[in-house]
2 protein chains.
Amino acid sequence: MTQKQLCEIDLLTVVITLGPLAPHILTVNQGQELPSGPLTISHRSLQKGLHQWAERHTGCAIGHMEQLYTFTDHTQKASQRQLIRISYLALARVLDPALHDAHSLYDYFPWEDRRSSHNASLLERFRHEITLWARSNSERMGRVASAFGLHDLPWDDEKVLDRYELLWEAGLVSRASSDTVTATTLYDNRRILATALSRLRAKIRYTPIVFDLLPEAFTLLQLQQAMENLSGRPMHKPNFRRLVLHQNLVEETGARDATAPGRPAKLYRFRPSAATSCYLSGAMLPLS
Amino acid sequence: MTQKQLCEIDLLTVVITLGPLAPHILTVNQGQELPSGPLTISHRSLQKGLHQWAERHTGCAIGHMEQLYTFTDHTQKASQRQLIRISYLALARVLDPALHDAHSLYDYFPWEDRRSSHNASLLERFRHEITLWARSNSERMGRVASAFGLHDLPWDDEKVLDRYELLWEAGLVSRASSDTVTATTLYDNRRILATALSRLRAKIRYTPIVFDLLPEAFTLLQLQQAMENLSGRPMHKPNFRRLVLHQNLVEETGARDATAPGRPAKLYRFRPSAATSCYLSGAMLPLS
DNA sequence: TCTTTTATGCTCACTATGAGTATAAAAGAA
DNA sequence: TTCTTTTATACTCATAGTGAGCATAAAAGA
C-alpha cells in the first residue's frame, strides 16, 4: 500500500520459574528489567533464536516458550522511529530461585495471591476503593464488577491484566514515579508481567505445561502446590489427587520422598504419552 | 544491548463474518489477499488504528478485535531489511457475504468442516496418508495422533494450525506453485487463517463473541448454526437450547421469526449484563 | 506407647452432560 | 375440512464429574 515506516524491534521474554510459595520471574540487572535483546537473534524463527539467547543469559534450561503480545512503546513520543516490542513467555525448571536474579510475581501483584488473609484484606480495600472510583460511570462499573468478581460474579484467575489496568487507571497502584516516562515504562513492564501470568493461568488448565516447571519426579502435593502457586488459590487435596490420577497424567516412579516429615509420599513422573491434553482445572476450591 | 536492526512492519487483519453454511473471511483484490496496511495507522494504539482502517476498507462494521500473532516473513531471504507482520483477528456482523469480497474459510480447510460426509471421507484419506508419512518417525507420529485424534484421542476443534502445518509438511495440501516464494507466501497466509480459526474456536467456548457475528435479534437455531459453522461440527439441538437458556445469556425480544417454514421461532437478543463470562462449550455432540 | 504429621482412600449429594423421545404450532396439500 | 410436513419447544433418564467432608494408613519423634 503506502510507504512503510521503519521500526526498531525489541524482543523480550518473561522467564517464569517456580519458588516454594509463588511463581518467580528471572530478571537481569538486579530486577526491574526483563531479559531482552535485539532482533538480530534471527534463527530463521524469532522464537528459536530468543530461546537460545535467553538460556545463555539466565543460565536456566528453558522448556516451553510461546509468543505473548506485540505492542508499541508509547514512552518515546517525539522520536520518529517507533519501537515495537515482541514479548514471549518462557518456562524454566529451576532448583532454587534464590540462586538467581529472581523475583516473586506476587511482589508485583499481591492481590493476585488469594491465599493469605493479609492479601485478602488488601483486596477488600481495593474492591471498596475501586468501586468508589467507578461508581458514577456504568461502563467502568461493568468492567470493575467483571474483573473483581463483585456482585454474584465469580472471581476469574485469568483476568490479571484487566485488574491491573483498572487499578492503574484508578490510581490505586503506584504511579509513584514523578517522571512520566519512568512511570509509563513501569506500567508497560507490569502489563507484560500481567499478560504473562494471565496466559500462564489459562494454559495450566488445559495443557500439561506445569510439568515444565516441576522436577522430573515430584509428589502429588508438590504438583498441587505448583498449581496453587500459579493460580493463587488453595485447592482441595483429595479432589485434586482424584482429578490428576483419574486422567492418567502421571505414573509412579516407585520411589518415595523421604525428605518431608510425616508419611513419605510416592514420587510420580509425568506421562508424556498423555501429553496431548489434560485438564487440571476444576478442582479450584477455596479452603473452607 | 547491541545495535538494533531496522524492520518494516506490516499490519494485517483477518476479518471474519458469518455465511449461512460457514464462516467467511473478507478479502481485498478478489481473494487471496488479506486487508493489510502499513504501520502508519498509528492511533497511539496499533489496534484502534487498524480497527478504523479495516472498517473503511471492507465497508463492514467491525465489533470485536484482538491481536493474533506476530511473525517474520521468511520469503525475502537476501533482503537485509526484515519484514515483521503483526496480524489481528476481527469480527464483522454482515448481512450477506455474497455482497462482499468474501470467501468461505472451509474452502481453504475443507477437512475442518466435519459436517458433510464428503469431507469426512476426505479426512479419512488424509488420516490414512499422513499416518503413512509419519510412520517411521515417532515424534511425528505423536503430533499426528494428537492433531487428528487418531487412536482413542479426541478430535480437538482448536488444533486447526497443527493440522494444517502437518498436512503441509507431508505435502498433502497444495504446494502446487512451482515458485518457492509464491508457495511460501501462500503457506504463510493460510497459517494466519488457521491461527485465526483456531483462536476463534477457542474463544467462542468461554466468551460471548459469537454475538458479535449475529444480528441483533436471532432465533436459537440461528445461534446454534452459528456455533456449528464456527466449530465445524453438528450439535444436539435440545441440549444446546438447554445450555444457552440455563445460562441466562439471552432474553426474548417478544417477536417471532416468520420467515422460515414450520412453527415460527421466538427471537432472542443477547443480554450484555451476562457478558462477563459464558460457556457455550459442552454441547458439542456429533449427530448420531 | 502416644502424639504429630502427612499421605491416601472413601462416601455422598448434586449438577452437568450426552442422548433420546414427545408434544406444540404453524403452513400447505389432498 | 383433515392430513402431512416442518420446525419449535419440552421433558425424561442414565451417567460422569464436581464440591465437600470424613476416615484410615504410614512414618517420625516424644
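Naming: A, B, ... by sequence-line order, numbering from 1 per chain. The structure displayed is predicted, hence computed values, not measured ones.
- Among the nucleotides D/dC22, C/dA7, C/dA26, the one closest to any side-chain atom of B/Pro264 is C/dA26.
- Nearest-nucleotide positions on DNA chain C for B/Pro261 and A/Leu220 put A/Leu220 closer to the 5' end.
- In this structure, the nucleotide among C/dT8, C/dT17, D/dT7 sitting nearest to the side chain of B/Leu243 is C/dT17.
- Out of D/dA20, C/dG18, C/dA7, the shortest distance to the side chain of B/Asn239 is found at C/dG18.
- Aromatic rings of A/Phe270 and A/Phe218 (six-membered ring for Trp) have centroids beyond the 6.0 Å cut-off, not under it.
- Nucleotides of DNA chain C nearest to B/Ala260 and B/Arg263 differ in position, and the one nearer the 5' end is that of B/Arg263.
- A/Arg256 places its CZ atom 15 Å from the P atom of D/dA25, with the value rounded to the nearest Å.
- Between A/Tyr268 atom OH and C/dA7 atom P the separation is 11 Å, expressed in whole Å.
- Among the nucleotides C/dT17, D/dA8, C/dT8, the one closest to the side chain of B/Ala265 is D/dA8.
- When rounded to the nearest whole Å, the span between CZ of A/Arg242 and P of D/dG19 equals 8 Å.
- When the side-chain nitrogen and oxygen atoms of B/Lys237 are compared with OP1 and OP2 of D/dA8, one or more of them lie within a distance under 4.0 Å.
- The salt bridge (charged side-chain N to carboxylate O under 4.0 Å, His left out) contacts involving residues 105-114 of chain A comprise A/Glu112-A/Arg163, A/Glu112-A/Arg201, A/Asp113-A/Arg115, where partners must be two or more places apart or lie in separate chains.
- If A/Pro238 and B/Lys266 are placed on DNA chain D by their nearest nucleotide, the residue sitting closer to the 5' end is B/Lys266.
- Within 6.0 Å of the CD atom in A/Glu139, the count of heavy atoms belonging to other residues, nucleotides or ligands exceeds 12.
- Counting atom types as modelled, B/His236 pairs a side-chain N or O with a base atom of C/dG20 as donor and acceptor under 3.5 Å.
- If you check D/dA20, C/dA26, C/dG9 against the side chain of A/Arg241, the one that comes closest is C/dG9.
- Taking the six-membered ring for Trp and the full ring otherwise, the centers of B/Phe148 and B/Phe126 sit at least 6.0 Å from each other.
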Task: Nucleotide pairing, DNA chain D (Watson-Crick or G-U, distances under 3.5 Å), in dot-bracket with [ ] and | - done: ||||||||||||||||||||||||||||||

